[in-house]
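Just so you know, ligand 1 is whichever comes first in the structure, and atom 1 is the first atom listed for that ligand.
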Amino acid sequence: MHSPSDNGLIAVTGATGGVGGRVARRLAERGVTQRLVVLDESRAPELDGAQVRVASGYADGDGMRGALDGVRTLFLIPAHETKDRVAEHATAIDAAVTAGVQRIVYLSFLDATAESTFTFGRDHWHTEQHIRASGIPEFTFLRMSMYMDFIPLMASGDGVIAGPAGDGRVSVVARDDIADAAAVVLTEAGHAGATYDMTGPEALTMAEMAAEISRATGRDVVFRNETLEEAYQSRSSFGAADWEVEGWVTSYAAIATGEWSKVSGDIRRLTGHEPISFAEYLRR
Ligand SMILES: NC(=O)c1ccc[n+]([C@@H]2O[C@H](COP(=O)([O-])OP(=O)(O)OC[C@H]3O[C@@H](n4cnc5c(N)ncnc54)[C@H](OP(=O)(O)O)[C@@H]3O)[C@@H](O)[C@H]2O)c1
């Protein structure tokens with residue numbers, strides 16, 4: 001157990017989104033004073049003890065610096081994927097340091113390296129490196145696996161999940177469990193310099209998850225493996241930019257390599273409860 005400490009004012013970014021919104025609610029439930037840094041004030045959740053500040057995005061250095069004035073701890077949610085995401089993150093991190101933030105908790109990605117198969121995963125590694133080099137006194141990385149609620153959405157209208165994931169396994173995780181762990185890290189001392197892996201309790205193949213969806217919903221869902229070439233071809237009509245299609249395709253390819261098969265006990269150790277399994281998530 002970590003002893004409680006004065007983590008000062010906590011700023012939460014991405015509070016209009018999935019993980020940031022869940023974290024902000026958990027902090028409010030704990031009676032924590034927080035500042036929500038949002039792009040659009042009208043969409044900020046209304047929570048007891050929450051101040052709201054607007055910055056037009058991580059790339060808005062002046063806006064971020066103003067929004068983080070007086071903040072001690074920053075929970076940094078990664079931006080929506082863009083070609084310039086690392087530079088956007090770097091601007092936000094530099095703004096935090098200039099504003100006097102003492103601690104950054106960054107939501108990173110499982111097994112992030114400069115050569116991650118998942119091309120968007122490389123952004124997370126570069127962001128981690130920028131945080132390490134920024135001069136911020138304390139940082140903690142929460143490296144998330146793939147969200148389990150995304151898996152059913154990957155099925156086409158006729159119930160096919162198609163991608164180059166092969167027989168690889170991925171330790172899918174629920175956003176509620178990530179938020180539970182983040183709330184602990186944000187409100188306790190003792191996590192400086194730590195990297196925690198936010199995974200579910202088991203690593204499953206896409207075929208196993210398709211079968212689980214069929215069992216839970218009664219709808220016939222199957223996984224069909226694709227070659228990399230087939231995957232690029234099948235997504236070529238979507239009208240997306242090349243870097244974006246590469247991110248989608250390499251998310252399956254990363255599963256095939258086993259890079260996301262790690263099962264960590266970090267959520268249990270931090271929160272005291274087991275992360276939810278895919279089958280249980282579907283049942284609920
Ligand atoms: N692990 C996975 O399987 C997985 C899957 C998809 C994405 N992700 C990554 O994980 C992040 C967090 O997941 P989530 O579920 O919370 O995503 P989400 O529901 O899309 O929320 C993202 C939040 O970040 C804000 N945001 C996005 N770009 C920003 C920018 N450039 N500057 C400032 N704020 C920005 C959004 O603001 P608005 O509401 O105003 O847009 C929103 O509040 C995503 O942004 C994405 O990078 C992970």
Side-chain angles (χ1 to χ4, degrees), residues 11-26 35-45 50 52-68 74-96 105-112 116 118-128 141-154 163 165 170-179 181-183 197-200 204 206 209 243-244 247-248 250-252 254-255 259-260 262 267 275 278 281:
V12 175
T13 62
T16 51
V19 174
R22 284 172 170 83
V23 169
R25 277 200 299 280
R26 281 157 177 75
R35 183 175 297 167
L36 310 179
V37 179
V38 297
L39 282 83
D40 173 0
E41 190 164 6
S42 70
R43 288 190 294 112
V52 178
R53 294 279 191 286
V54 176
S56 63
Y58 296 145
D60 171 16
D62 288 343
M64 286 301 294
R65 188 156 35 77
L68 295 174
L74 167 64
F75 182 47
L76 186 64
I77 288 282
H80 293 313
E81 293 80 3
T82 60
K83 251 184 126 170
D84 303 318
R85 184 163 64 151
V86 176
E88 292 175 30
H89 290 170
T91 301
I93 292 157
D94 295 346
V105 178
Y106 175 63
L107 182 64
S108 184
F109 214 94
L110 199 59
D111 202 41
S116 290
F118 179 44
T119 49
F120 295 159
R122 300 172 194 172
D123 293 355
H124 295 285
W125 186 84
H126 288 295
T127 302
E128 288 187 2
F141 301 139
L142 305 180
R143 288 180 154 192
M144 57 181 155
S145 186
M146 196 179 233
Y147 297 153
M148 57 178 63
D149 53 308
F150 275 36
I151 306 296
L153 306 177
M154 290 172 161
V170 52
S171 52
V172 289
V173 66
R175 283 186 271 191
D176 276 324
D177 287 324
I178 296 174
D197 290 324
M198 304 283 99
T199 79
L204 301 168
M206 294 303 289
M209 288 191 279
W243 62 267
E244 193 164 22
W248 297 338
T250 58
S251 66
Y252 288 90
I255 296 172
E259 284 167 40
W260 294 347
K262 181 175 185 183
I267 287 181
F278 186 59
Y281 168 78

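- Side-chain atoms of D84 do not come within 3.5 Å of backbone N or O of A87 as any donor-acceptor pair.
- Taking 4.0 Å as the cut-off between side-chain N and carboxylate O, R143 and D197 do not count as a salt-bridged pair.
- For ligand 1, the atoms closer than 4.0 angstrom to any heavy atom of M144 are 1 (N), 9 (C), 10 (O), 48 (C).
- When hydrogens are left out, the protein atom nearest atom 6 (C) of ligand 1 is F150 CE2, 3.4 Å; that is the closest non-hydrogen contact.
- Classification of the F109-H124 ring pair by plane angle, with boundaries at 30° and 60°, yields tilted.
- Ligand 1 lies nowhere less than 4.0 angstrom from a heavy atom belonging to T13.
- Within the structure, ligand 1 lacks R22 among the residues with a heavy atom less than 4.0 angstrom away.
- When the options G21, P78, A179 are ranked by their closest heavy atom to atom 45 (O) of ligand 1, first place goes to P78.
- Within ligand 1, the atoms closer than 4.0 Å to a non-hydrogen atom of R85 are 47 (O), numbered from 1 in the order shown.
- The contact set between ligand 1 and F109, taken as ligand atoms under 4.0 Å from a residue heavy atom, comprises 1 (N), 2 (C).
- At a 3.5 angstrom cut-off on N or O pairs, Y58 counts as close to ligand 1.
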task: Before giving the answer on salt bridge (charged side-chain N to carboxylate O under 4.0 Å, His left out), spell out for E41 and R53 the whole-Å C-alpha distance, their side-chain angles and the decisive distance to 0.1 Å.
output: CA-CA 7 Å; E41 190 164 6; R53 294 279 191 286; over 6 Å; no
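- Closest of all the heavy-atom pairs between M64 and G57 is CG-O, 3.7 Å.
- Taking the six-membered ring where the residue is Trp, F118 and F120 present perpendicular rings, their angle passing 60° and hence far from 30°.
- Here the protein heavy atom with the shortest distance to atom 41 (O) of ligand 1 is H80 NE2, 3.1 Å.
- Short contacts between ligand 1 and E88, defined as distances under 4.0 Å to a heavy atom of the residue, involve ligand atoms 31 (N).
- Residues satisfying the side chain to side chain contact (heavy atoms under 4.5 Å, CB included) criterion with A179, sequence neighbours excluded, are R22, V23, R26.
- Residue, atom and distance of the protein heavy atom nearest to atom 26 (N) of ligand 1 are L39 CD1, 4.2 Å.
- Annotation: L107 places no N or O atom under 3.5 Å from an N or O atom of ligand 1; distance criterion only.
- Distances from atom 2 (C) of ligand 1 to the heavy atoms of Y147, F120, F118 put Y147 nearest.
- Judged by distance alone, the side chain of T82 and the main-chain N or O of R85 form a donor-acceptor pair under 3.5 Å.
- For ligand 1, the polar-atom distance check against G17 finds a nitrogen or oxygen pair separated by under 3.5 Å.
- Here T16 has heavy atoms under 4.0 Å from ligand 1 in both its backbone and its side chain.
- Rounding to the nearest 0.5 Å gives a distance of 5.5 Å between OG of S251 and CH2 of W260.
- Counting the atoms of ligand 1 from 1 in the order shown, those under 4.0 Å from a heavy atom of I77 are 12 (C), 24 (O).
- Residue, atom and distance of the protein heavy atom nearest to atom 40 (O) of ligand 1 are R43 NH2, 2.6 Å.
- The part of S145 lying near ligand 1 is the backbone, judged by heavy-atom distances below 4.0 Å.
- Looking at T199, its side chain never comes within 3.5 Å of a backbone N or O of V172 through a donor-acceptor pair.
- Taking the side chain to side chain donor-acceptor pair (under 3.5 Å) definition, one finds that E244 meets it with nothing, sequence neighbours left out.
- Comparing G14, G18, G20 against atom 18 (P) of ligand 1, the shortest heavy-atom distance belongs to G18.
- Here the shortest heavy-atom pairing between G200 and V173 reads N-CB, 3.6 Å.
- Closest approach of G121 to A112, counting heavy atoms only: O-CB, 3.6 Å.
- Given atom 15 (O) of ligand 1, the protein heavy atom at minimum distance is R175 NH1, 2.5 Å.
- A donor-acceptor contact closer than 3.5 angstrom links the side chains of S42 and D40.
- Near G57, meaning under 4.0 Å from one of its heavy atoms, ligand 1 places the atoms 32 (N), 33 (C).
- Within ligand 1, counting atoms from 1 as listed, the ones closer than 4.0 Å to a heavy atom of V19 are 14 (P), 15 (O), 16 (O).
- Short contacts between ligand 1 and E81, defined as distances under 4.0 Å to a heavy atom of the residue, involve ligand atoms 7 (C), 46 (C), 47 (O).
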